[in-house]
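What follows is a single structure, and I will ask about it in a moment.
Letters A, B, ... are given to chains in the order of the sequence lines, protein chains preceding strands, and every chain is numbered from 1.
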There are 2 protein chains.
Amino acid sequence: MFACTAPGLSAQTKVEECNIGSRKEVAKLAGVSEATVSRVLNGVGPIREETKLKVLEAARQLNYVPNVLAQQLARRRSGNLGVILPYVPKVKLFSAYYFAEILSGIGETARRMGYDLLIIPLSPVEARSYTNLFQTQKVDACIMLGSQDTAEERGALRQLHEGGYPFCLVNQRFDDEPFKTIEADHVKGGQLAASHLIGRGCRRIAFLNGPDAYSNSRDRMKGYSLALQKHGIAMDNELLYRGNYSRTSGYQYAEQLAEAVRAGRVDGIVAANDRMAIGLLQGLREHGIEPGKDAALIGYDDADGARFTEPQLSSVAVPFYEMGEQAAQWLLDSLSEPGAQPDSSASAEGQSVQGAGDAVRPVIQLPVRLVPRASSLRYPDLESGQL
Amino acid sequence: MFACTAPGLSAQTKVEECNIGSRKEVAKLAGVSEATVSRVLNGVGPIREETKLKVLEAARQLNYVPNVLAQQLARRRSGNLGVILPYVPKVKLFSAYYFAEILSGIGETARRMGYDLLIIPLSPVEARSYTNLFQTQKVDACIMLGSQDTAEERGALRQLHEGGYPFCLVNQRFDDEPFKTIEADHVKGGQLAASHLIGRGCRRIAFLNGPDAYSNSRDRMKGYSLALQKHGIAMDNELLYRGNYSRTSGYQYAEQLAEAVRAGRVDGIVAANDRMAIGLLQGLREHGIEPGKDAALIGYDDADGARFTEPQLSSVAVPFYEMGEQAAQWLLDSLSEPGAQPDSSASAEGQSVQGAGDAVRPVIQLPVRLVPRASSLRYPDLESGQL
DNA sequence: ATCAACAATGTACACGCGTACATTGTTACA
DNA sequence: TGTAACAATGTACGCGTGTACATTGTTGAT
């Protein structure tokens, strides 16, 4: 009847029983009560060694595996760590370096801590309510990727926080909100990028930024402007461009920027991520501008692709993998803390926000690192008019 | 007491009750039995319109959300689609174009069909037993990514199949096994790649392949050799190289291949994936060989990076996203089929293998597509000795 | 000898849901 | 008018665990 009665194939693994025995059968075979079986398998309470062995042997013999679903119900814990992926039209999220790295970090940590990863791609249609996710008990905690600072999102997250549900944002900070957040020091990153170009002799530095709905966009902008200010270079609004972090959106500015470089109005470009930078780099070359020579170009993220281009793309490395690791670690640690009432952390952190303190704001910032490559070499002696 | 009693913040969303009411409370408020509540919410059996409204109103008022854990237990279905990720040392899997695309496809389809994605990264230590996953009821079905053809893996999958657990392999075929499989036509792909180079005038075509543990490696090899044979070019074992699909492993052969090109022993190179091709491309250029000019180079997969290089990399596009979609679709469809006994498909397909038939082998093959770019241009007039 | 303390185990129930079966009220048709 | 069919709902139980509490047997101190 069952497949395990199939003939010859794979005598490799001897399966003594094929259908999954339940706890009851184990108890009967071992000659003890179900409770004892449970205790043995969970290592709870004092058990006579002999009994323990009997139970374990019976379990082995029946090929017993506890039903996780039932455990979850009884324990009122799913053992799942949710990962929310935003819906971005026409973009395959996993394919973005950024997401892929963070997910890897989360996945590894979750595995180590005995949690499973429940991936939840947001639907484009349904209203954004995260509480539902927790109410159904599908997840014990949740990590939000790629969320944007919109009123709707802010509201949904507040509701979550007020409900005392543990969650953590990665690479997106909501100012004036007490949300757990892991991010990188993008102000510093923007500063590093711009300062690097300045150090290479650039004085007219364009900045191709991404949407302001991302705190990291705003942070990089701040860093860029700090760097200029520090070196006594005036900000020029004409040199600020806005893309959407796609390669295409970088490519689209190529003509305009090539013209500006040729006219001597731009001698260096900071792009807010590598995808845009790569698109831009290719476009510039098509328009006869050689990055690293006619103008310096630096990207951001230090994605794989930065090493594929010609010339190779200077960038700012962001520890996405580590950010994922830490987010998961932090969140899962907080679950096993003493005051693990869903309420506790909410109210505690609420205090720190109500009060003066920014000190206790639950935001962890990881450092970024400049990665200079050929695209930002730029020989100052080849200024403009060279072509 | 609860966080929802917090003051001012976010009057945005009125939550009438904060703690999750259970079915019992809804029943009481609506003045019906729990069974009726259940029926209304699941749309089962005939219900009087008036009762239905009463129940729905009560549920709304109590902010009732069914406990998924309990549903899963009662229904004996988790509603989770498992995705097994192999453990590859030092490789962040999500970051591979290949995985990212497939996962996106799976994710989208799963979402559409009401399933959640349970990501299961294999641990490096524990023995490879997949049955446990099903026995614990964590997943209803499972998609295997990146599995290799080893004795251990074969055994584990057989066990799964014999247990009647529904699973599906993606981009990896186990010959002589009745496993559900979605792959691409890599024989054709290898043929396309090699034929393309031949069409561009190449006659001494090196092949940088990946490990033979992957069926797609073997298939491409077959395609490569078919193409040569078809054009009357003799196979030369000296021209076969073996990498591990990493960029580094491509880079490592650069010196050797540059030398061969220079010596006129090689005028075209097929690489079995883009990562190796990109590493190779960069290495070749460092050694003074210009792909697309001194020799033709073509990669495989048509990853993002293929458009980043200089010259841009010719490649063979593989519909990874669609493969993910179809795998998920197929698997989830099969769950709701009439003969949805875990046993049925196993025995049925077992037949087809015991018998003569290869016709019913549950393998779906998707087409691949040549994507010519600059790296395979190669002007025949610049044969060898040009440098 | 008595009784407290404790080890070891069994009994009983809760977890929150789905659903088979029983029950009641209504309709239609003989 | 009797009855079969059916609509609408309630009752009762199973899903497979975890665990509080009860029970029994043993030990050690009084």
> Okay, side chain of A:Asp116, backbone of A:Asn80: is any donor-acceptor separation there less than 3.5 Å?
Replying inline: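 Checking the backbone N and O of A:Asn80 against the side chain of A:Asp116, no donor-acceptor pair under 3.5 Å is found.
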
>> Using a 4.0 Å heavy-atom cut-off, does B:Val44 contact any base of the nucleic acid, only the sugar-phosphate backbone, or nothing at all?
In response: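 B:Val44: no heavy atom of the nucleic acid under 4.0 Å.
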
>> Distance criterion of 3.5 Å, no angle test: do you see the side chain of B:Arg76 paired donor-to-acceptor with the base of D:dG14?
In response: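 Checked by distance alone, the answer is no.
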
> Between C:dC17, D:dT17, D:dA8, which one does the side chain of A:Arg23 approach most closely?
Replying inline: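 Out of C:dC17, D:dT17, D:dA8, the nucleotide with an atom closest to A:Arg23's side chain is D:dT17.
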
> Rounded to the nearest Å, what distance is computed from the CG atom of residue A:Asn67 to the C1' atom of nucleotide D:dG16?
Replying inline: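 Going from CG in A:Asn67 over to C1' in D:dG16 covers 6 Å.
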
> So which one's nearest nucleotide on DNA chain D is more toward 5', B:Ala35 or B:Ala70?
Replying inline: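 Its nucleotide being nearer the 5' end, the pick is B:Ala35.
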
>> From CD of B:Glu25 over to P of C:dG16, roughly how many Å is that when rounded to an integer?
In response: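 To the nearest whole Å, that distance equals 10 Å.
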
> Contact class for A:Leu73 (heavy atom, under 4.0 Å): base, sugar-phosphate, or nothing?
Replying inline: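 Base contact - A:Leu73 has a heavy atom under 4.0 Å of at least one base atom.
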
> Could you state the CG-P distance from B:Asn42 to C:dT19, rounded to the nearest angstrom?
Replying inline: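 Between P of C:dT19 and CG of B:Asn42: 7 Å.
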
> Reckon B:Thr51 has a side-chain N or O less than 4.0 Å from the OP1 or OP2 of D:dT9?
Replying inline: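 Looking at the OP1 and OP2 atoms of D:dT9, one of them is under 4.0 Å from a side-chain N or O of B:Thr51.
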
> Separation of A:Leu69 atom CG from D:dG18 atom P, in whole Å?
Replying inline: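 Interatomic distance, CG of A:Leu69 to P of D:dG18: 13 Å.
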
>> Using a 4.0 Å heavy-atom cut-off, does A:Thr36 contact any base of the nucleic acid, only the sugar-phosphate backbone, or nothing at all?
In response: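 If one applies the 4.0 Å heavy-atom cut-off, A:Thr36 turns out to touch the sugar-phosphate alone, with no base involved.
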
>> Looking at B:Glu34, is its backbone amide N or carbonyl O close enough to the side chain of B:Ser38 to form a donor-acceptor pair, meaning the two atoms are under 3.5 Å apart?
In response: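 Pair absent, no side-chain N/O of B:Ser38 close to backbone of B:Glu34.
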
>> Looking at B:Glu25 and B:Lys28, is any side-chain nitrogen of the basic one under 4.0 Å from a carboxylate oxygen of the acidic one?
In response: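 The answer is no: the pair does not qualify as a salt bridge.
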
>> Need one value for A:Glu34: base, sugar-phosphate or nothing, where a base atom within 4.0 Å counts as base even if backbone is also close, heavy atoms only.
In response: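 Base contact.
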
> Hey, what's the ring geometry for B:Phe167 with B:His161, parallel, tilted or perpendicular (30° and 60° as the breaks)?
Replying inline: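 Because their plane-to-plane angle is over 60°, the rings of B:Phe167 and B:His161 count as perpendicular.
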
>> Output the rounded distance in Å from NZ (B:Lys52) to C1' (D:dT9).
In response: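 Distance, rounded to whole Å: 16 Å.
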
> With respect to the phosphate group of D:dG16, does any side-chain polar atom (N or O) of A:Gln71 fall under 4.0 Å of OP1 or OP2?
Replying inline: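 No.
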
> Which listed nucleotide (C:dC21, C:dC17, C:dG18) is nearest to the side chain of B:Ser38?
Replying inline: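 Looking only at heavy atoms from C-beta outward on B:Ser38, the closest nucleotide is C:dG18.
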
> Just how far, in rounded Å, is P of C:dA7 from CD of A:Glu50?
Replying inline: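 Nearest whole value for this atom pair: 18 Å.
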
> Closer than 4.0 Å, any side-chain N/O of A:Ser33 to the OP1 or OP2 of C:dT11?
Replying inline: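 So the side-chain polar atoms of A:Ser33 never come under 4.0 Å of the phosphate oxygens OP1 or OP2 of C:dT11.
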
> Would you call B:Lys54-B:Glu57 a salt bridge at under 4.0 Å N-O?
Replying inline: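 Looking at B:Lys54 and B:Glu57, the cut-off is not met.
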
> Between C:dA8, C:dA20, D:dA7, which nucleotide gets closest to the side-chain atoms of B:Arg39?
Replying inline: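 Closest of the options to the side chain of B:Arg39: C:dA20.
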
> Does the A:Ser78 side chain pair with the main chain of A:Lys138, one donor and one acceptor, at a distance under 3.5 Å?
Replying inline: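 Indeed, once roles are kept as given, a pair shorter than 3.5 Å links the two residues.
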
> Can you tell me if the side-chain N/O atoms of A:Arg48 get under 4.0 Å from OP1 or OP2 in C:dT9?
Replying inline: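 So the side chain of A:Arg48 is within the cut-off, an N or O lying under 4.0 Å from OP1 or OP2 of C:dT9.
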
> Does A:Arg75 place a side-chain N or O at less than 4.0 Å from the phosphate oxygens OP1/OP2 of D:dG18?
Replying inline: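 Affirmative; the distance criterion is met.
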
> Taking CG from B:Leu53 and P from D:dA8, how many angstroms apart are they, rounded to a whole number?
Replying inline: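 Checked: the CG to P distance equals 13 Å.
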
> How close or far is atom C1' of C:dG16 from atom CG of B:Leu62, stated in whole angstroms?
Replying inline: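 The distance from CG of B:Leu62 to C1' of C:dG16 comes to 15 Å, rounded to the nearest Å.
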
